[in-house]
Structures are given as structure tokens and as C-alpha cells.
Amino acid sequence: MLWIKALHVIFVIAWFAGLFYLPRLFVYHAQSEDTVSRERFKVMERKLYRGIMTPCMVLTIAFGAWLWLGYGPYGAWIDAKLVFVALLVAYHFWLGKLVRDFARDDNQRTHVFYRWINEIPLVILAATVILVIVKPF
């Protein structure tokens with residue numbers, strides 16, 4: 001189970017790297033004014049989301065489920081953690097919608113909006129780490 005835990009943590013880190021970086025790309029994309037830059041950001045966003053973030057999300061959930069089944073559900077902290085995981089998955093798919101919006105040149109928001117949404121995964125990460133390490137309930 002230690003190998004499964006290690007793989008789970010590795011893919012969590014990789015997924016979060018993308019969750020932190022993609023909104024930052026949106027900031028720069030929303031600020032770009034020339035066609036060459038906008039097209040470059042479209043490619044970067046698509047490759048990050050489809051090629052890195054989504055596979056890492058799937059593997060994070062798969063190894064997490066394996067751990068959960070292996071150790072068994074215990075404590076209310078795991079229920080709270082699963083709520084945060086569900087929120088994070090919803091956030092991930094919402095970012096995918098934003099990738100598609102940018103790909104269609106249909107962005108309706110400013111770079112300031114994307115700076116703010118970039119903080120969402122940090123809040124979820126902090127809450128989840130506290131739940132897993134401290135197990136407050």
C-alpha cells in the first residue's frame with residue numbers, strides 16, 4: 001500500500017501543478033492582444049489540460065480509491081476530504097470549459113478574474129492536507 005500511497009501523492013502534486021498553472025495561463029491569455037500570442041496560449045492551455053492535468057486527475061482518483069478500499073473508510077474526516085475532492089473535480093471541469101471558451105475566442109472575463117480563481121485550489125489543498133494529516137474528526 002505504500003507504493004499506492006506514493007503514486008497517489010505524486011499524481012496529486014502533478015495535478016495541482018496544472019491547477020495552479022492553467023489559471024495563470026488564462027491571466028496572460030486574457031491580457032494578450034496579438035493573434036500569435038493568443039494562438040500560442042490556446043495550444044499551451046489545451047496541452048496542459050488534456051495531456052497533463054486530466055490524466056493526473058484520473059490517476060489521483062484511481063490511486064486514492066485504491067487506498068480508500070485498501071484501508072477502509074473510517075472517520076468523518078474522509079467524508080469531508082471526499083467533499084473537497086468532488087469540489088476539486090468540479091473546478092477541474094470548469095477550467096476545461098474555460099479552455100474551450102478561450103479556444104473559441106469567447107472569453108468574457110478580465111485577467112483579474114483569473115487571478116482570483118487561481119486561489120481556489122490553494123484553499124482546497126490546505127483544507128485537504130489538514131484533514132489528512134490532523135484528522136480533526
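Because the structure is predicted, anything quoted here is derived from the model rather than measured. Excluded from the calculations below are hydrogen atoms, water molecules and symmetry mates; all remaining heavy atoms, backbone and side chain alike, are included.
- Residue Val85 is not grouped with residue Leu69 when hydrophobic side chains (ILVMFWY) are merged at heavy-atom distances under 4.5 angstrom, including chains of intermediate members.
- Here Gln31 contributes atom CD and Ser37 contributes atom OG; the two are 11.0 Å apart, rounded to the nearest 0.5 Å.
- Crowding of Phe113 atom CZ: a count of heavy atoms from other residues, nucleotides or ligands under 6.0 Å exceeding 12.
- In this view, Asn118 and Pro23, Arg24 satisfy the side-chain contact (heavy atoms from CB on, under 4.5 Å) rule, not counting sequence neighbours.
- Clustering of Ile, Leu, Val, Met, Phe, Trp and Tyr side chains at separations under 4.5 Å places Val112 together with Trp116.
- For Lys42 and Glu39, the salt-bridge test passes: some basic side-chain N is under 4.0 Å from an acidic carboxylate O.
- By the 4.0 Å N-to-carboxylate-O rule, Lys97 lies close enough to Asp101 to be salt-bridged with it.
- The shortest distance between side-chain heavy atoms of Leu95 and Met53 falls below 4.5 Å.
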Please step through side-chain contact (heavy atoms from CB on, under 4.5 Å) for the pair Met44 and Tyr21, ending with a clear verdict.
-> CA-CA 11 Å; Met44 293 171 67; Tyr21 188 50; 3.7 Å; yes

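- In this structure, the side chains of Arg38 and Thr35 come closer than 4.5 Å at one or more pairs of heavy atoms.
- In summary, of the residues considered (Leu125, Thr128, Val123), a side chain to side chain contact (heavy atoms under 4.5 Å, CB included) with Phe84 occurs for Thr128 alone.
- Annotation: side chain of Val132 is not in contact with side chain of Val129 (no heavy-atom distance under 4.5 Å).
- In this structure, Tyr114 has its ring center under 6.0 Å from that of Phe102.
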Atom pairs and distances, donor-acceptor, side-chain atoms in residues 1-17, under 3.5 Å, two or more places apart:
residue : atom : partner : partner atom : Å
His8    : ND1  : Thr60   : O            : 3.0
His8    : ND1  : Gly64   : N            : 3.3
Trp15   : NE1  : His92   : ND1          : 3.0

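- Between Pro136 and Ile130 the shortest heavy-atom distance is CD-O, 4.1 Å.
- When hydrophobic clusters are built by joining Ile, Leu, Val, Met, Phe, Trp and Tyr residues whose side-chain heavy atoms come closer than 4.5 Å, directly or via intermediates, Ile133 is grouped together with Leu82.
- When all heavy atoms of Trp77 and Leu131 are compared, the pair lying nearest together is CE3-O, 3.6 Å.
- The CZ atom of Phe93 sits 11.0 Å away from atom CG of Leu88, with the distance rounded to the nearest 0.5 Å.
- Annotation for Lys47: atom NZ does not count as buried by contact number, only 12 or fewer foreign heavy atoms lying within 6.0 Å.
- The shortest heavy-atom contact between Asn107 and Ala30 is ND2-CB, 3.9 Å.
- Within 6.0 Å of atom CH2 in Trp68, 12 or fewer heavy atoms from other residues, nucleotides or ligands are found, so the atom counts as exposed in its surroundings.
- When all heavy atoms of Pro55 and Tyr49 are compared, the closest pair comes out as CD-O, 4.4 Å.
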Can you check side-chain contact (heavy atoms from CB on, under 4.5 Å) on Ile120 and Leu87, steps first, answer last?
-> CA-CA 10 Å; Ile120 293 171; Leu87 290 171; over 6 Å; no

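- Tyr28 and Val43 sit in two unconnected hydrophobic clusters of ILVMFWY residues. Membership requires side-chain heavy atoms under 4.5 Å apart, directly or through other members.
- Here the straight-line distance linking atom CG of Leu19 with atom CG of Leu122 works out to 11.5 Å at 0.5 Å rounding.
- To the nearest 0.5 Å, atom CD of residue Glu45 and atom CG of residue Leu25 are 5.5 Å apart.
- Dense packing is recorded around CZ of Arg115, with more than 12 heavy atoms of other residues, nucleotides or ligands lying under 6.0 Å away.
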